[in-house]
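Residue numbers count from 1 along this sequence. Every heavy atom of this structure was used, including side-chain atoms; hydrogens, water molecules and symmetry mates were not. Remember, it's 1-based here, ligands and their atoms both numbered in the order they're listed.
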Amino acid sequence: VWPVRTIDWVDGAVELVDQTRLPDECVMLRLRTTDELIGAIRRLAVRGAPALGVAGALGVVLAAGDREAIARLRAARPTAVNLAWGVDRAAAVADQGPEAVLRAALRIRDEDIAACRAMGERGADLLEGDRLRIMTVCNTGGLAAVERGTARGVIQTLHERGRLAEVLALETRPLLQGARLTTWELARMGAPHCLVADSAGPYLMARGGVDAVLVGADRIAANGDTANKIGSYALALGAERAGVPFVVVAPETTIDPATPSGDHIEIEDRGAGEIVRFGGVRVAPEGTRALNPAFDVTPHDLITAIVTDKRIIRP
Ligand code: MRU
(Lines give C-alpha, C1' and ligand atoms only; values in the text may rest on other atoms or scores of the structure.)
Protein backbone atom coordinates (compact mmCIF):
# COMPACT_ATOMS: atom_id res chain seq x y z
CA VAL A 1 0.00 0.00 0.00
CA TRP A 2 1.46 3.32 -1.05
CA PRO A 3 1.07 6.11 -0.27
CA VAL A 4 -0.31 5.47 3.19
CA ARG A 5 -1.84 8.05 5.49
CA THR A 6 0.20 7.52 8.66
CA ILE A 7 -2.36 8.82 11.13
CA ASP A 8 -5.96 9.92 10.86
CA TRP A 9 -9.31 10.10 12.62
CA VAL A 10 -11.63 7.39 11.31
CA ASP A 11 -15.12 6.64 12.67
CA GLY A 12 -14.51 7.93 16.18
CA ALA A 13 -11.02 6.51 16.71
CA VAL A 14 -7.39 7.31 15.94
CA GLU A 15 -6.14 5.10 13.12
CA LEU A 16 -2.42 4.81 12.57
CA VAL A 17 0.19 2.63 10.91
CA ASP A 18 1.91 0.40 13.50
CA GLN A 19 5.50 1.29 12.62
CA THR A 20 6.92 -1.41 14.89
CA ARG A 21 5.62 -3.98 12.36
CA LEU A 22 7.30 -2.47 9.30
CA PRO A 23 8.89 -3.43 6.96
CA ASP A 24 7.36 -6.90 7.26
CA GLU A 25 3.73 -5.82 7.29
CA CYS A 26 1.77 -2.58 7.10
CA VAL A 27 -0.87 -2.96 9.80
CA MET A 28 -3.27 -0.24 10.96
CA LEU A 29 -4.07 0.19 14.67
CA ARG A 30 -7.38 1.60 15.89
CA LEU A 31 -6.99 3.41 19.21
CA ARG A 32 -10.00 4.47 21.23
CA THR A 33 -8.45 5.69 24.49
CA THR A 34 -5.75 8.19 25.40
CA ASP A 35 -3.86 5.45 27.26
CA GLU A 36 -3.75 3.26 24.16
CA LEU A 37 -2.37 6.21 22.23
CA ILE A 38 0.23 7.00 24.92
CA GLY A 39 1.36 3.36 24.76
CA ALA A 40 1.66 3.58 20.95
CA ILE A 41 3.73 6.77 21.23
CA ARG A 42 6.07 5.29 23.87
CA ARG A 43 6.81 2.13 21.90
CA LEU A 44 7.22 4.17 18.68
CA ALA A 45 4.26 2.63 16.87
CA VAL A 46 3.69 6.27 15.90
CA ARG A 47 6.76 8.50 15.84
CA GLY A 48 8.43 11.45 14.11
CA ALA A 49 7.83 15.02 15.20
CA PRO A 50 5.01 16.06 12.81
CA ALA A 51 3.10 12.78 13.29
CA LEU A 52 3.42 13.22 17.06
CA GLY A 53 1.87 16.69 16.72
CA VAL A 54 -1.19 15.19 15.03
CA ALA A 55 -1.25 12.29 17.51
CA GLY A 56 -1.16 14.74 20.43
CA ALA A 57 -4.09 16.73 19.06
CA LEU A 58 -6.18 13.65 18.26
CA GLY A 59 -5.35 12.29 21.71
CA VAL A 60 -7.02 15.33 23.24
CA VAL A 61 -10.18 14.34 21.35
CA LEU A 62 -9.94 10.85 22.89
CA ALA A 63 -9.31 12.32 26.35
CA ALA A 64 -12.73 13.99 26.28
CA GLY A 65 -11.81 16.60 28.87
CA ASP A 66 -9.81 14.33 31.22
CA ARG A 67 -7.07 16.81 32.21
CA GLU A 68 -4.90 14.23 33.89
CA ALA A 69 -4.89 12.06 30.74
CA ILE A 70 -4.06 15.12 28.63
CA ALA A 71 -1.08 15.92 30.88
CA ARG A 72 0.23 12.33 30.59
CA LEU A 73 -0.18 12.43 26.81
CA ARG A 74 1.71 15.73 26.61
CA ALA A 75 4.65 14.14 28.48
CA ALA A 76 4.66 10.78 26.66
CA ARG A 77 7.94 11.70 24.90
CA PRO A 78 9.91 14.82 25.84
CA THR A 79 12.09 15.91 22.93
CA ALA A 80 9.83 16.56 19.92
CA VAL A 81 8.13 19.86 20.69
CA ASN A 82 5.33 19.04 18.23
CA LEU A 83 3.71 16.60 20.68
CA ALA A 84 3.18 19.22 23.40
CA TRP A 85 2.31 21.81 20.76
CA GLY A 86 -0.39 19.58 19.21
CA VAL A 87 -1.85 18.77 22.64
CA ASP A 88 -1.90 22.43 23.67
CA ARG A 89 -3.44 23.63 20.42
CA ALA A 90 -6.32 21.14 20.63
CA ALA A 91 -6.78 21.61 24.40
CA ALA A 92 -6.97 25.39 23.94
CA VAL A 93 -10.45 25.07 22.37
CA ALA A 94 -11.77 22.45 24.81
CA ASP A 95 -14.20 24.95 26.35
CA GLN A 96 -15.92 25.21 22.94
CA GLY A 97 -16.88 21.51 23.07
CA PRO A 98 -15.68 18.22 21.54
CA GLU A 99 -16.54 19.20 17.96
CA ALA A 100 -14.21 22.20 18.20
CA VAL A 101 -11.40 20.01 19.56
CA LEU A 102 -11.82 17.56 16.69
CA ARG A 103 -11.87 20.41 14.16
CA ALA A 104 -8.63 21.81 15.63
CA ALA A 105 -6.97 18.37 15.45
CA LEU A 106 -8.04 17.82 11.83
CA ARG A 107 -6.76 21.29 10.95
CA ILE A 108 -3.33 20.28 12.30
CA ARG A 109 -3.48 17.13 10.13
CA ASP A 110 -4.35 19.15 7.02
CA GLU A 111 -1.76 21.84 7.76
CA ASP A 112 0.90 19.14 8.05
CA ILE A 113 0.06 17.78 4.60
CA ALA A 114 0.35 21.28 3.08
CA ALA A 115 3.51 22.12 5.07
CA CYS A 116 5.30 18.97 3.90
CA ARG A 117 4.48 19.77 0.28
CA ALA A 118 5.82 23.33 0.73
CA MET A 119 9.03 22.09 2.40
CA GLY A 120 9.56 19.59 -0.42
CA GLU A 121 9.36 22.33 -3.05
CA ARG A 122 11.48 24.84 -1.13
CA GLY A 123 14.15 22.28 -0.22
CA ALA A 124 14.41 20.99 -3.79
CA ASP A 125 14.70 24.58 -5.08
CA LEU A 126 17.50 25.27 -2.59
CA LEU A 127 19.75 22.39 -3.62
CA GLU A 128 21.94 22.78 -6.70
CA GLY A 129 22.68 20.02 -9.20
CA ASP A 130 20.59 17.49 -11.05
CA ARG A 131 22.13 14.10 -10.13
CA LEU A 132 22.03 14.46 -6.38
CA ARG A 133 23.31 11.92 -3.89
CA ILE A 134 21.54 12.64 -0.61
CA MET A 135 22.48 11.24 2.79
CA THR A 136 19.81 11.08 5.48
CA VAL A 137 19.26 9.58 8.92
CA CYS A 138 16.24 8.11 10.70
CA ASN A 139 12.87 8.35 8.98
CA THR A 140 11.59 11.76 8.02
CA GLY A 141 9.10 10.55 5.44
CA GLY A 142 5.36 10.17 5.29
CA LEU A 143 5.60 7.78 8.21
CA ALA A 144 7.01 10.58 10.39
CA ALA A 145 4.28 12.99 9.30
CA VAL A 146 0.86 12.47 7.73
CA GLU A 147 1.64 11.90 4.04
CA ARG A 148 4.93 13.18 2.61
CA GLY A 149 7.41 14.07 5.33
CA THR A 150 10.12 16.66 5.83
CA ALA A 151 13.68 15.79 4.73
CA ARG A 152 12.36 12.71 2.94
CA GLY A 153 9.68 14.98 1.47
CA VAL A 154 12.44 17.00 -0.21
CA ILE A 155 13.91 13.73 -1.49
CA GLN A 156 10.50 12.81 -2.92
CA THR A 157 10.22 16.16 -4.71
CA LEU A 158 13.76 15.78 -6.12
CA HIS A 159 12.82 12.32 -7.35
CA GLU A 160 9.63 13.61 -8.96
CA ARG A 161 11.69 16.30 -10.69
CA GLY A 162 14.16 13.69 -11.99
CA ARG A 163 17.06 15.16 -10.00
CA LEU A 164 17.76 12.33 -7.57
CA ALA A 165 20.70 10.02 -8.27
CA GLU A 166 20.65 8.06 -4.99
CA VAL A 167 19.70 8.20 -1.34
CA LEU A 168 22.21 6.95 1.22
CA ALA A 169 20.00 6.01 4.16
CA LEU A 170 21.69 5.53 7.52
CA GLU A 171 20.34 2.50 9.36
CA THR A 172 19.75 4.52 12.59
CA ARG A 173 20.74 2.41 15.56
CA PRO A 174 19.28 1.24 17.84
CA LEU A 175 15.71 1.11 16.52
CA LEU A 176 16.58 1.11 12.81
CA GLN A 177 14.09 3.69 11.56
CA GLY A 178 16.36 4.18 8.53
CA ALA A 179 16.74 0.49 7.72
CA ARG A 180 13.14 -0.48 8.46
CA LEU A 181 11.11 2.57 7.45
CA THR A 182 13.05 4.88 5.11
CA THR A 183 14.13 2.07 2.77
CA TRP A 184 10.52 0.78 2.77
CA GLU A 185 9.28 4.18 1.67
CA LEU A 186 12.05 4.73 -0.89
CA ALA A 187 11.38 1.34 -2.46
CA ARG A 188 7.69 2.20 -2.80
CA MET A 189 8.62 5.55 -4.34
CA GLY A 190 10.88 3.81 -6.85
CA ALA A 191 13.81 5.95 -5.68
CA PRO A 192 17.35 4.51 -6.00
CA HIS A 193 18.76 3.99 -2.52
CA CYS A 194 21.37 2.23 -0.53
CA LEU A 195 21.48 1.36 3.17
CA VAL A 196 24.55 2.47 5.10
CA ALA A 197 25.80 1.70 8.63
CA ASP A 198 25.56 4.81 10.82
CA SER A 199 29.31 4.93 11.46
CA ALA A 200 30.05 5.05 7.70
CA GLY A 201 28.38 8.45 7.21
CA PRO A 202 31.32 10.85 7.72
CA TYR A 203 33.74 8.64 5.76
CA LEU A 204 31.44 8.38 2.74
CA MET A 205 31.19 12.18 2.73
CA ALA A 206 34.97 12.53 3.03
CA ARG A 207 35.52 10.39 -0.04
CA GLY A 208 33.20 12.58 -2.10
CA GLY A 209 30.12 10.38 -2.36
CA VAL A 210 27.53 12.81 -0.98
CA ASP A 211 26.14 16.09 -2.36
CA ALA A 212 24.01 17.07 0.64
CA VAL A 213 22.88 15.78 4.01
CA LEU A 214 19.17 16.29 4.71
CA VAL A 215 17.80 15.67 8.19
CA GLY A 216 14.57 16.41 10.04
CA ALA A 217 14.24 17.97 13.49
CA ASP A 218 12.47 17.25 16.75
CA ARG A 219 13.01 20.69 18.25
CA ILE A 220 14.77 23.77 16.94
CA ALA A 221 15.82 26.20 19.65
CA ALA A 222 15.49 29.97 19.21
CA ASN A 223 19.18 30.23 18.23
CA GLY A 224 18.90 27.50 15.59
CA ASP A 225 20.46 24.64 17.59
CA THR A 226 18.60 21.55 16.43
CA ALA A 227 17.70 18.34 18.23
CA ASN A 228 17.26 15.38 15.90
CA LYS A 229 17.84 11.63 15.87
CA ILE A 230 21.06 10.49 17.50
CA GLY A 231 23.81 10.49 14.86
CA SER A 232 22.78 13.77 13.27
CA TYR A 233 25.54 15.70 15.08
CA ALA A 234 28.21 13.29 13.80
CA LEU A 235 26.88 13.80 10.27
CA ALA A 236 27.01 17.59 10.71
CA LEU A 237 30.65 17.40 11.83
CA GLY A 238 31.51 15.12 8.92
CA ALA A 239 29.65 17.39 6.51
CA GLU A 240 31.51 20.48 7.66
CA ARG A 241 34.87 18.76 7.29
CA ALA A 242 33.95 17.48 3.80
CA GLY A 243 32.38 20.76 2.63
CA VAL A 244 28.95 19.14 2.17
CA PRO A 245 25.79 21.20 2.89
CA PHE A 246 23.98 20.05 6.05
CA VAL A 247 20.33 21.01 5.71
CA VAL A 248 17.59 20.68 8.35
CA VAL A 249 14.03 20.37 7.01
CA ALA A 250 11.21 20.95 9.50
CA PRO A 251 7.88 22.73 9.77
CA GLU A 252 7.65 26.05 11.61
CA THR A 253 5.86 24.14 14.39
CA THR A 254 9.16 22.42 15.29
CA ILE A 255 10.76 25.77 16.11
CA ASP A 256 10.44 26.41 19.84
CA PRO A 257 11.01 30.08 20.66
CA ALA A 258 10.67 29.25 24.38
CA THR A 259 13.88 27.17 24.22
CA PRO A 260 16.79 29.62 23.91
CA SER A 261 19.48 27.12 22.86
CA GLY A 262 20.22 23.43 22.49
CA ASP A 263 21.43 23.18 26.11
CA HIS A 264 17.81 23.62 27.21
CA ILE A 265 16.37 20.77 25.13
CA GLU A 266 15.42 17.68 27.11
CA ILE A 267 16.91 14.63 25.40
CA GLU A 268 14.99 11.39 25.83
CA ASP A 269 17.06 8.48 27.15
CA ARG A 270 15.34 5.25 26.17
CA GLY A 271 17.24 3.00 28.56
CA ALA A 272 19.79 0.24 28.24
CA GLY A 273 17.47 -2.47 26.90
CA GLU A 274 17.55 -1.17 23.32
CA ILE A 275 21.39 -1.23 23.33
CA VAL A 276 22.39 -4.40 25.19
CA ARG A 277 19.89 -6.45 23.18
CA PHE A 278 19.39 -6.49 19.43
CA GLY A 279 16.22 -7.94 17.98
CA GLY A 280 15.54 -9.65 21.29
CA VAL A 281 19.03 -11.22 21.44
CA ARG A 282 21.50 -10.14 24.14
CA VAL A 283 24.65 -8.69 22.51
CA ALA A 284 26.57 -7.47 25.59
CA PRO A 285 27.65 -9.28 28.76
CA GLU A 286 24.96 -9.55 31.42
CA GLY A 287 24.96 -6.44 33.64
CA THR A 288 26.60 -4.10 31.08
CA ARG A 289 25.57 -0.48 31.60
CA ALA A 290 24.46 1.46 28.52
CA LEU A 291 23.58 5.01 27.59
CA ASN A 292 20.84 5.45 25.04
CA PRO A 293 20.15 9.09 24.15
CA ALA A 294 17.53 8.96 21.39
CA PHE A 295 18.48 12.39 20.04
CA ASP A 296 21.45 14.74 19.86
CA VAL A 297 21.82 18.47 19.35
CA THR A 298 23.56 19.95 16.33
CA PRO A 299 24.86 23.46 17.11
CA HIS A 300 23.52 26.09 14.74
CA ASP A 301 26.92 26.98 13.29
CA LEU A 302 27.14 23.51 11.70
CA ILE A 303 23.79 23.94 9.92
CA THR A 304 23.91 25.30 6.36
CA ALA A 305 20.19 26.04 6.21
CA ILE A 306 16.90 25.26 7.92
CA VAL A 307 14.09 24.79 5.39
CA THR A 308 10.60 25.29 6.78
CA ASP A 309 7.18 25.49 5.16
CA LYS A 310 7.48 29.31 5.18
CA ARG A 311 11.14 30.26 4.73
CA ILE A 312 14.81 29.36 4.60
CA ILE A 313 16.77 30.22 7.74
CA ARG A 314 20.54 30.39 7.70
CA PRO A 315 21.39 30.11 11.39
O1 MRU B 1 12.56 8.54 17.77
P2 MRU B 1 11.85 8.98 16.52
O3 MRU B 1 11.79 7.90 15.48
O4 MRU B 1 10.51 9.60 16.82
O5 MRU B 1 12.79 10.14 15.95
C6 MRU B 1 12.39 10.83 14.80
C7 MRU B 1 13.39 11.80 14.31
O8 MRU B 1 14.41 12.04 14.91
C9 MRU B 1 13.06 12.56 13.06
O10 MRU B 1 14.23 12.89 12.36
C11 MRU B 1 12.32 13.85 13.44
O12 MRU B 1 11.23 13.58 14.29
C13 MRU B 1 11.83 14.58 12.25
S14 MRU B 1 10.58 13.65 11.44
C15 MRU B 1 10.01 14.45 10.08
Heavy atom of the protein closest to [atom] (residue, atom name, distance):
{"atom": "atom 11 (C) of ligand 1", "answer": "D218 OD1, 3.2 Å"}
{"atom": "atom 9 (C) of ligand 1", "answer": "N228 OD1, 3.4 Å"}
{"atom": "atom 3 (O) of ligand 1", "answer": "R47 NE, 2.5 Å"}

Practice task
Examine the side chains of T254 and D218 and answer whether a donor and an acceptor come within less than 3.5 Å of each other.
Solution key: no
Handout entry: Under 3.5 Å side-chain donor-acceptor pair for D225 and S261
Key = no
Residue [X] vicinity, atoms of ligand 1 by number, heavy atom under 4.0 Å:
{"X": "A144", "value": "14 (S), 15 (C)"}
{"X": "A49", "value": "12 (O), 14 (S)"}
{"X": "R77", "value": "1 (O), 2 (P), 4 (O)"}
{"X": "G48", "value": "4 (O), 12 (O)"}
{"X": "P50", "value": "14 (S), 15 (C)"}
{"X": "C138", "value": "3 (O), 5 (O), 6 (C), 7 (C), 8 (O)"}
{"X": "K229", "value": "1 (O), 2 (P), 5 (O), 8 (O)"}

Practice task
Decide salt bridge (Lys or Arg N to Asp or Glu O under 4.0 Å) for E166 and R133; before the verdict, give the C-alpha distance in whole Å, the side-chain angles of both, and the deciding distance to 0.1 Å.
Solution key: CA-CA 5 Å; E166 185 172 45; R133 296 158 303 172; over 6 Å; no
Handout entry: Carboxylate-amine/guanidinium proximity below 4.0 Å for E121 and R161
Key = yes
Exercise for the section: For R152 and ligand 1, answer yes if some heavy atom of the residue is under 4.0 Å from a ligand atom, otherwise no. Expected result: no
Exercise for the section: Look at ligand 1 and say whether G149 reaches it with a heavy atom at a distance under 4.0 Å. Expected result: no
Heavy-atom distance under 4.5 Å between the side chains of [X] and [Y], does that happen here?
{"X": "C138", "Y": "R47", "result": "yes"}
{"X": "I255", "Y": "E252", "result": "yes"}
{"X": "D112", "Y": "C116", "result": "yes"}
{"X": "T140", "Y": "V249", "result": "no"}

Handout entry: Evaluation steps, salt bridge (Lys or Arg N to Asp or Glu O under 4.0 Å), between D11 and R32
Key = CA-CA 10 Å; D11 297 334; R32 293 184 181 78; over 6 Å; no
Exercise for the section: Report yes if some N/O of T140 lies less than 3.5 Å from some N/O of ligand 1; otherwise report no. Expected result: no
Practice task
Could you tell me whether some N/O pair between T150 and ligand 1 is separated by less than 3.5 angstrom?
Solution key: no
Practice task
Pick one of side chain, backbone, both or neither for how A217 approaches ligand 1, counting any non-hydrogen atom pair under 4.0 Å.
Solution key: backbone
Practice task
Mind checking whether Q177 contacts ligand 1 via backbone (N, CA, C, O), side chain (CB onward), both or neither, at a 4.0 Å heavy-atom cut-off?
Solution key: side chain
Exercise for the section: For R180 and L175, indicate whether the former's side chain and the latter's backbone hold a donor-acceptor pair under 3.5 Å. Expected result: yes
